[in-house]
Amino acid sequence: MTTSTPLAVRADGPAALRRLLTSPAAGPLAALVLASVFFSTATDQFLSGGNFSLILQQVMVVGILAIGQTLIILTAGIDLSCGAVMAFGGILIAKLAVSGPLPPLLAIALGILACAGFGLLNGVLVRVVPLPPFIVTLGMLNVAFALTHIYSEEQTVTDLPGPLTVLGRTFPLGRTDVTYGSLVTIALFLGFAYALSSTAWGRHLYALGNSAESARLSGIRVSRLTVGVYTIAGLVYGIAALLLVSRTGVGDPQAGQTDNLDSITAVVLGGTSLFGGRGTVLGTLVGVLIVGVFRNGLQLMGVSSVYQTLVTGVLVILAVTVDQLSRKGNR
Amino acid sequence: MFRRAQPALAIGAVGLALSLAACGSGSGTGSAGGSSSGGKVKVGLITKTDTNPYFVKMKQGAEQAATSANAELSTAAGKFDGDNAGQITALENMVASGVKGVLITPNDSKAIVPAIAKARAKGVLVIALDTPPEPQSSVDALFATDNVKAGELIGAYAKAAMGGKPVKIATMDLAPGVSVGVQRHDGFVKGFGIDAADPSIVCSQDTGGDQAKGQTAMETCLQKAPDINLVYAINEPAALGAYTAVKAKGRENDVMIVAIDGGCTGVRAVKDGKIAATSQQYPLKMAADGVKAIAEYAKTGKKAAGYTDTGVQLITDEPQSGAESEDTGFGLENCWG
């Protein structure tokens, strides 16, 4: 039913290699490696554990959003509200903990649950009403944005209690400092990669993305699956919200304004098709790292940030071109 | 068959992207390639956005000063006004690239503070340009316009120009809670010699410093109070928006508009008589002085400290006694944008 093979970790030897080469993530991975090699030779500072750790810290928030975005795009949907939902979650966590004042862990839990609530609402509107995902999430983008600004009274929340910033702190790994948040990010990527490639839920998701009607006819409970995917995505945005708060050390009502597009960029760069049913979450990790590596590398070279935007734009168009050509080839 | 071609296409993509990047490092920056910087002092500049002419001028000032101080300048910006995360990322990357000092125009005065503290802990001199962080002591130094004074200058000018006539004032403000906007507004009120709650202020609207929003705001104000005869605007785009609204009512000759900023478009509007006067500020000087301070720090270890007023000048072609001013000729020579 699926035309692609998800990047599976369990396959052995040459089979695994072949799978990697034919996976939609193969091109992006080659791009990432090439860019890294280039920046390693172009600058003295790129090739170091500390710098890699820094890149990981910088991409983790958009990276986690992009996990939720990948799930939704795999169902042939789209989520424009992810950055705004995350910003709301972040402000909620920060403000409940600081001026609530609630115990930090409770504030965190409520913030993440609120994001899941937005996801649930998105899912219900998309599947049960039903409405186009683009419109639903565009509306939700505005709702979440407005609620963030109303609730925060346009004020940045500072002086966060310790537990809210734990994930932004570092621990030494060899000679490099790594943040706890980076570990959470990697764990989430591996967890969802496994769920997509090796569980019935994952197979159902690909089936749904390829054709909702045939998925329904083959006995998949499409409504429950769709609403579930949006809700899980919301939950994941909540985790991104916590990481955002931890990393910046503040609750920022302006956060995440371009993160919806940045997450879609990462998904597309990672080889996932915007038409659903084809792609992997590890590809998305590669996609988000491509953006992070270019931004970091160009900055180390002293190149103005507009060139990073230019490069990202070119890469996105090429990635979609590759997707389209490969679809034609498969027919 | 096309699937096999994917890696090849991707490699082509990266090649193209990298050659674009290589072009980038050749233009707009001091030297090509970080590894060949050879002993040059590295200086970073992080502005609010890439697109606002004000920050383009700031970048120009930094580039000129970097060339004459034999420093290597690297620049970055937030994606939109208010983008804190983007500025943090740029700051981290600059520190990783080994800059001696960073000039930053904070998008969020409070939210940037932890990231600045991390950079300073690594020995990087951090100077805020244009907008102070909160608290101001979180940076080594601040090079900026005195925004209260900028407001006072046009307030005093308007007072003199109105010559004791009864006034109905509309204020085209920035946005809630943004210090620049609050300071300019308060300065104007003070310069005009009234207090903030004076009944002559009949309408106050937020414009975000945007021309279209300024127009909408003024249309609303004229709806509310048709006899408005004095408009204070946070900047010239807001002032020009207000002018469009005033003109649509055929009242451009009996409503006076005063503004702050001194951008080239703004000064030309003063010359054309659309705006009566503006307070001009000097972003080029802020950045140039900032780069010099970092070069000095690299050479002698002496850190710039405290607040440096980079100056503000009243620009008008209809001078009033008691309000010292320069004409638009001077304004156009020193404008930005």
Side-chain angles (χ1 to χ4, degrees), chain A residues 21-22 24 26-31 34-35 38 42-45 50-51 54 57-58 61 153-156 158 244 247-250 252 254-259 271 294-311 314-315 318-319 321-322 325-330, chain B residues 1-18 20-25 28-35 37 42 50 59 72-77 79-86 88-90 92-94 96-98 107-111 113-115 175-177:
Chain A
L21 286 178
T22 55
L29 194 61
L34 248 127
F38 173 80
T43 73
D44 299 333
Q45 305 95 349
N51 194 47
L54 185 62
Q57 284 172 49
Q58 292 177 341
V61 170
E153 293 165 341
E154 317 283 345
Q155 295 297 309
T156 303
T158 54
L244 174 78
R247 174 170 153 71
T248 56
V250 293
D252 175 10
Q254 303 271 9
Q257 283 191 24
T258 60
D259 286 2
F294 267 99
R295 186 172 52 205
N296 173 274
L298 292 180
Q299 195 66 64
L300 292 181
M301 287 174 68
V303 178
S304 166
S305 53
V306 284
Y307 287 94
Q308 181 238 322
T309 311
L310 178 68
V311 167
V314 170
L315 286 176
L318 284 166
T321 311
V322 169
L325 289 180
S326 67
R327 278 173 170 264
K328 243 184 230 164
N330 282 331
Chain B
M1 61 170 287
F2 276 100
R3 269 170 85 182
R4 300 219 173 264
Q6 267 188 55
L9 262 175
I11 289 165
V14 175
L16 179 58
L18 292 178
L20 286 173
C23 295
S25 77
T29 52
S31 88
S35 53
S37 60
K42 286 190 177 182
D50 272 325
K59 223 187 261 187
E72 182 187 332
L73 180 73
S74 136
T75 62
K79 280 186 215 159
F80 54 92
D81 213 324
D83 177 17
N84 183 55
I88 292 179
T89 300
E92 288 171 345
N93 287 343
M94 283 178 182
S97 78
N107 261 330
D108 185 318
S109 302
K110 287 181 193 160
V113 168

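If you're wondering where the values come from, they're calculated on a predicted model, not measured in any experiment. A, B, ... follow the sequence lines: proteins, then strands. Residue 1 opens every chain.
Contact of A:T158 with chain B is made through the side chain alone, with heavy-atom distances under 4.5 Å.
Contact detail for A:Q299 and B:A76: the closest heavy-atom pair is OE1-CB, 3.4 Å. Shown here for B:S74 and A:G302, the closest heavy-atom pair between the two residues is CB-CA, 3.7 Å. Between B:D81 and A:Q254 the shortest heavy-atom distance is O-OE1, 4.5 Å. Of all heavy-atom pairs between A:L54 and B:E92, the closest is CD1-OE1, 3.6 Å. The minimum heavy-atom distance linking A:D252 with B:N84 is given by the pair OD2-CB, 3.4 Å.
Contact of the A:R295 side chain with the B:T89 side chain is registered, since non-hydrogen atoms from C-beta on lie closer than 4.5 Å. A 4.5 Å side-chain heavy-atom check between A:Q57 and B:I88 finds every atom pair outside the cut-off.
Atom NZ of B:K110 is separated from atom OG1 of A:T248 by 14.0 Å, given to the nearest 0.5 angstrom.
The backbone N or O of B:A96 sits nowhere less than 3.5 Å from a side-chain atom of A:Q45 that would complete a donor-acceptor pair.
Of the residues considered (B:N107, B:D108, B:V113), B:D108 shows the highest number of contacts with chain A, using heavy-atom pairs under 4.5 Å. Highest contact tally toward chain A, considering only B:S109, B:P114, B:A111, B:G86, is held by B:A111 [criterion: heavy-atom pairs under 4.5 Å]. Looking only at heavy-atom pairs under 4.5 Å with chain B, the residue among A:V61, A:N51, A:T258 that has the most is A:T258.
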